[in-house]
Amino acid sequence: MFKARIFFYFWQLKILIKNYFRQKKMSKILEKEFFSKNVVKLVLEAPEIARTRKPGHFVIVRIDEKGERIPLTISAADEKKGTITLVIQRVGVTSAKLCNMNVGDVIMDVVGPLGTATHIEKVGTVLCAGGGVGVAPMLPIVEGLKKAGNRVITILAARSKDLIILEDQMREFSDEVIVMTDDGSYGKKGLVTAGMEEVINREKVDLCFVIGPAIMMKFGALTTKKYNIPTMASLNTIMVDGTGMCGACRVHIGGKTRFVCVDGPEFDAHQVDFDEMMTRLGAYKEQEYEAYQKYLQTVEA
Amino acid sequence: MENIIDYLKAERSQEWRAEVRKRMKAKERTSLQRINMPEEDPDVRNKNSVEVNKGLAPEMAIAEAHRCLDCADPTCITGCPVGINIPKFIKQIEVEDFAGAAVTLKETNALPAVCGRVCPQEKQCELNCFYTQKLDKPPIAIGYLERFAADWERNSGKMSVPKTEKHNKIKVGVVGSGPAGLAAAGDLAKYGYDVTVFEALHEVGGVLKYGIPEFRLPNELVDVEIETMRKMGIKFRTDFIVGKTATFDDLKKEGFQAFFVGSGAGLPRFMNIPGENLNGIFSSNEYLTRINLMHAASDEYDTPVISGKNVAVIGGGNTAMDSVRTAKRLGADKAMIIYRRSEAEMPARIEEIKHAKEEGIIFMNLHNPLEYYSDENGRVKQVKLQKMELGEPDASGRRRPIPIEGSEFIIDVDTVVVSVGVSPNPLIPKALKNLKVTDWGTIVVDPDTMQSSVPEIFAGGDIVRGGATVILAMGDGRKAAAGMHKYIQEKIQAN
Ligand SMILES: Cc1cc2nc3c(=O)[nH]c(=O)nc-3n(C[C@H](O)[C@H](O)[C@H](O)COP(=O)(O)OP(=O)(O)OC[C@H]3O[C@@H](n4cnc5c(N)ncnc54)[C@H](O)[C@@H]3O)c2cc1C
Ligand SMILES: Cc1cc2nc3c(=O)[nH]c(=O)nc-3n(C[C@H](O)[C@H](O)[C@H](O)COP(=O)(O)OP(=O)(O)OC[C@H]3O[C@@H](n4cnc5c(N)ncnc54)[C@H](O)[C@@H]3O)c2cc1C
Ligand code: SF4
Ligand code: FES
């Protein structure tokens, strides 16, 4: 274990030197915090992105020479310090590697800000429902909506108490925060859709955001459809380049194929073909599972 | 034009050229046979990523160079989009001055090792060669010789770093690091500018890196060229999307005076037929990017790729050939081209079609896909095809494919690569509202200077032409560099 660590530092140093000469800007991890066992907050050095990003934007990250490119939402940024904040949920190899990185480590590639920024304006009352790690991309949206003068009601949903994240930060910008857990270990017991319906039945909601696992967004969208409330979802399709070059992220929206990385990631939730999106998310299930098992062995060894 | 012809005449009448011409009678030269390119065995190479063409040995190149008649009116040059002094470099090979040949190539072509490999010579220089035009014999192997001279220089370890003018400390930006951007950057550095190339991806090279596979254009070769450019003082900023990471205005505030946009034709087209979003169906850009840029076929890299046993590639261009030959190399039992016209209309280089056939690629020409069907997991399992016939020529001059009613049938596939063309990359037009673009999304430029409707922005390559060739992209880049130089110098004088 100790040996592995030394080797790791040495290897990172090598990359640093190599890239210094290549004039490559790498991103150093400046802060790390565990929100739960499998959800980590990382603050990275990325001055240009910190300056130009807006709510709804994401970055593509590649950890090292052999890494894959994965999209992650910019959940906050500090222009003065030149940093961006990412919140990562451990689901497979790359997210696990990120969760295992530490302050001082460097990430080889961080590119962005990508996607179309959230359209934020004053509409009245906005209901923001975030499930699981979908809470992280919701944070800048909630902040933006509040600053634009909206009444913001936020629902945080997760399977159990220890998976509820960013509650304090959300409270800062929300008029009300409702916590829902599947098992009732914290807040109200029930699914996110139950919480949504409660609010909708209670007061007039002008706009809704649902961000979370595809299945949650699908049912969230069905719920608001019943009440004819305009709803936005932020899609988390598989991506490669994130610049509109490959089409890996494509999905049918209102019967037309759109590229999530450039046309989205936010779309009218009532138009999204969530079933197609879920199928496409599973395209590499077998390879991902195998790779993760292999990775776990290397970490444990 | 006048002075180019005079220049070529003067070069041709140099003593050494006249002497070489006399060494052998024209009759004797024309009776020599065209050299064959040594190739990897098709049954071996279709399982690995080794370069297919092995390159000529010096004696082969010299023999081929003897065929060239050093014509008084070198028509081959008119076929070359950048006007390489073809007879000169070939005669230099004949007298074994390989280094000199490389220098001649580099006078007009920034990346001869690349062009020698990927130019459609049969439609350019070699088409216009005296042998093709008048003798009805196979043309001089200009492409092979170009590659030979460039490779020789690289392998000699004595790559010359082009001379640059005194550094003038004026900052200029190049957006995109494909052939257009690289050519522009090279010339701008020669003029003395402080050049920064911005690239959206994590690697420099554009299509040369993420598109064209290793077996046709080894990455290492592109890297060597880029290293030379670094030595010329050119800076590269990867992971930097102009218009996103920073806007043109941000960059202007940082002191950039003018920009060259070579952002390429990055947007893949689909056919919008039912089932096209099933798993196992890719754009060729995605398929090739996963394999060439992300190394998905290697276990050591994290990116996965699906590549099955029954692979159908839709299209007939270079991109389709690259995809289908890649699929074969990844272990497909059946790797098929499905193309709606006939072989005569295929836009791919002839050599690639020949190589594909040797490697066991199945060609289903005059067929068009109508619909894809999925298995229970959402993975493509079949495609419905329709037979086509050729009608009258269309706007492109190629005969129009017409569907034959009632000819539909279904075949099994487990992977499909859609390779039906690309559209101009929309990132820059989106980021610059006052930039004039065509209905197709290409940037409108002055054809002489490559200047766009925004005075400080110049453009070239696929973003202007909408999908062309490496050599045309490079030609644009160089023309734009000259245009930018003129623009900046005039601006300075006006102040
Ligand atoms: C616009 C956008 C914003 C996102 N923001 C966040 C965020 O802020 N925090 C967060 O934790 N996650 C976010 N994701 C999802 C995140 O990208 C994936 O969880 C990550 O790529 C998984 O990689 P892996 O190697 O760890 O897992 P894998 O083993 O590769 O896959 C596990 C799961 O992740 C999905 N996935 C795999 N590769 C990708 C890929 N390249 N792109 C998207 N999904 C993929 C798979 O469908 C699978 O369900 C976002 C996705 C998108 C498209
Ligand atoms: C698979 C394939 C095979 C081919 N085979 C041949 C062949 O054999 N012979 C031939 O002559 N031609 C071939 N071509 C065509 C040829 O590659 C292109 O015509 C040529 O690469 C165009 O060059 P370019 O510099 O205009 O653009 P590209 O090579 O596409 O480069 C554009 C670059 O700009 C970057 N970029 C875009 N927007 C931005 C931005 N906003 N900020 C920063 N960077 C940005 C992109 O990431 C990309 O790297 C082939 C093309 C493909 C895809
Ligand atoms: S650059 Fe292309 S067209 Fe010009 S001589 Fe070389 S192969 Fe022929
Ligand atoms: S990720 Fe490649 S086009 Fe969207």
Side-chain angles (χ1 to χ4, degrees), chain A residues 21-27 46 48-49 51-53 57 60 62-70 92-94 97 108-115 240-248 250-252 256-257 259 262 273 275-280 282-288 290-291 294-295, chain B residues 196 199-204 210 230 235-241 243-247 250 263-270 272 276-290 293-296 298-306 374 377-379 418 422-423 425-427 430:
Chain A
F21 287 109
R22 298 221 158 278
Q23 296 150 340
K24 186 156 191 150
K25 301 264 156 71
M26 309 196 32
S27 288
E48 274 128 352
I49 302 173
R51 195 175 61 207
T52 44
R53 73 96 212 191
H57 278 148
I60 292 243
R62 191 179 71 134
I63 298 179
D64 57 42
E65 198 63 51
K66 300 201 162 137
E68 62 180 340
R69 295 168 64 100
I70 69 159
V93 175
T94 306
K97 282 185 186 167
M108 188 153 198
D109 299 282
V110 178
V111 59
L114 299 166
V240 181
D241 61 301
T243 64
M245 183 266 270
C246 75
R250 70 192 189 276
V251 66
H252 272 103
K256 269 175 72 185
T257 291
F259 288 5
V262 283
D273 184 342
D275 293 325
E276 177 179 274
M277 182 181 137
M278 281 186 265
T279 309
R280 288 185 63 76
Y284 297 92
K285 225 186 280 166
E286 285 161 39
Q287 282 118 311
E288 284 160 1
E290 260 176 51
K294 227 168 89 185
Y295 170 72
Chain B
T196 307
E199 169 55 52
L201 295 172
H202 58 260
E203 282 260 5
V204 175
Y210 76 73
R230 285 206 164 93
K235 295 172 208 142
F236 290 92
R237 282 291 314 269
T238 48
D239 296 324
F240 195 112
I241 306 174
K244 292 256 173 199
T245 312
T247 62
D250 294 337
S263 53
L267 189 68
R269 275 191 223 134
F270 286 93
N272 294 316
E276 212 175 17
N277 291 353
L278 290 172
N279 290 337
I281 304 185
F282 304 90
S283 74
S284 48
N285 271 3
E286 181 183 353
Y287 187 70
L288 292 172
T289 298
R290 281 181 184 273
L293 185 72
M294 305 308 300
H295 307 281
S298 157
D299 257 355
E300 288 173 44
Y301 289 76
D302 291 341
T303 303
V305 67
I306 297 177
S374 97
N377 298 319
R379 170 92 183 257
V418 183
V422 283
S423 301
N425 190 319
L427 283 169
K430 252 194 187 172

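As the structure is a prediction and not an experimental result, all values here were calculated from the model. Just so it is clear: chains get the letters A, B, ... in the order the sequence lines come, proteins before strands, and each one is counted from 1.
Heavy-atom pairs under 4.5 Å with chain B were tallied for A:Gly247, A:Pro113, A:Ala46; the largest tally goes to A:Pro113. Chain B forms the most heavy-atom pairs under 4.5 Å with one residue out of A:Thr257, A:Ile49, A:Thr94, and that residue is A:Thr257. Each of B:Asn277, B:Thr245, B:Asn285 has some count of heavy-atom pairs under 4.5 Å with chain A, and the biggest count is that of B:Asn277. Among the candidates B:Asn425, B:Leu293, B:Val305, the residue making the largest number of heavy-atom pairs closer than 4.5 Å to chain A is B:Val305. Heavy-atom pairs under 4.5 Å with chain A peak, among B:Ala296, B:Ala246, B:Pro268, B:Ser298, at B:Pro268. With respect to chain A, the highest number of heavy-atom pairs below 4.5 Å among B:Leu288, B:Val422, B:Leu278, B:Asp302 belongs to B:Asp302. Chosen from A:Gln287, A:Arg280, A:Lys256, the residue pairing most often with chain B at heavy-atom distances under 4.5 Å is A:Arg280.
Panel note: side chain A:Asp273, backbone A:Val251; no donor-acceptor pair is recorded below 3.5 Å. Between the side chain of B:Arg237 and the main chain of B:Thr196, no donor-acceptor pair closer than 3.5 Å is present. Of the possible polar contacts, one joining the B:Lys244 side chain to the A:Gly115 backbone as a donor-acceptor pair under 3.5 Å is found. B:Ser283 places a side-chain N or O within 3.5 Å of a backbone atom of A:Cys246 that can act as its donor or acceptor partner. With A:Asp241 contributing its side chain and A:Gly244 its backbone, the two residues share a donor-acceptor pair below 3.5 Å. Panel note: side chain B:Asn377, backbone B:Arg379; no donor-acceptor pair is recorded below 3.5 Å.
Of the two parts of A:Lys285, neither the backbone nor the side chain holds a non-hydrogen atom closer than 4.5 Å to a non-hydrogen atom of chain B. Heavy atoms of A:Ala291 lying under 4.5 Å from chain B are absent altogether. Only the side chain of A:Glu276 comes within contact range of chain B, with at least one heavy atom under 4.5 Å from a heavy atom of that chain. Both the backbone and the side chain of A:Arg69 come within less than 4.5 Å of a heavy atom of chain B. At a 4.5 Å heavy-atom cutoff, the contact between B:Leu201 and chain A is made by backbone and side-chain atoms alike. Of the atoms belonging to B:Thr289, it is side-chain heavy atoms, and not backbone ones, that fall under 4.5 Å from chain A.
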Intermediate values then yes/no, side-chain contact (heavy atoms from CB on, under 4.5 Å), B:Phe236 and B:Glu199:
CA-CA 7 Å; B:Phe236 290 92; B:Glu199 169 55 52; over 6 Å; no

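Relative ring orientation between A:Phe259 and B:Phe270 is described as perpendicular, the plane-to-plane angle rising above 60° on a 0-90° scale split at 30° and 60°.
Between B:Arg290 and B:Glu286 there is a salt bridge, since a side-chain N of the basic residue sits under 4.0 Å from a carboxylate O of the acidic one.
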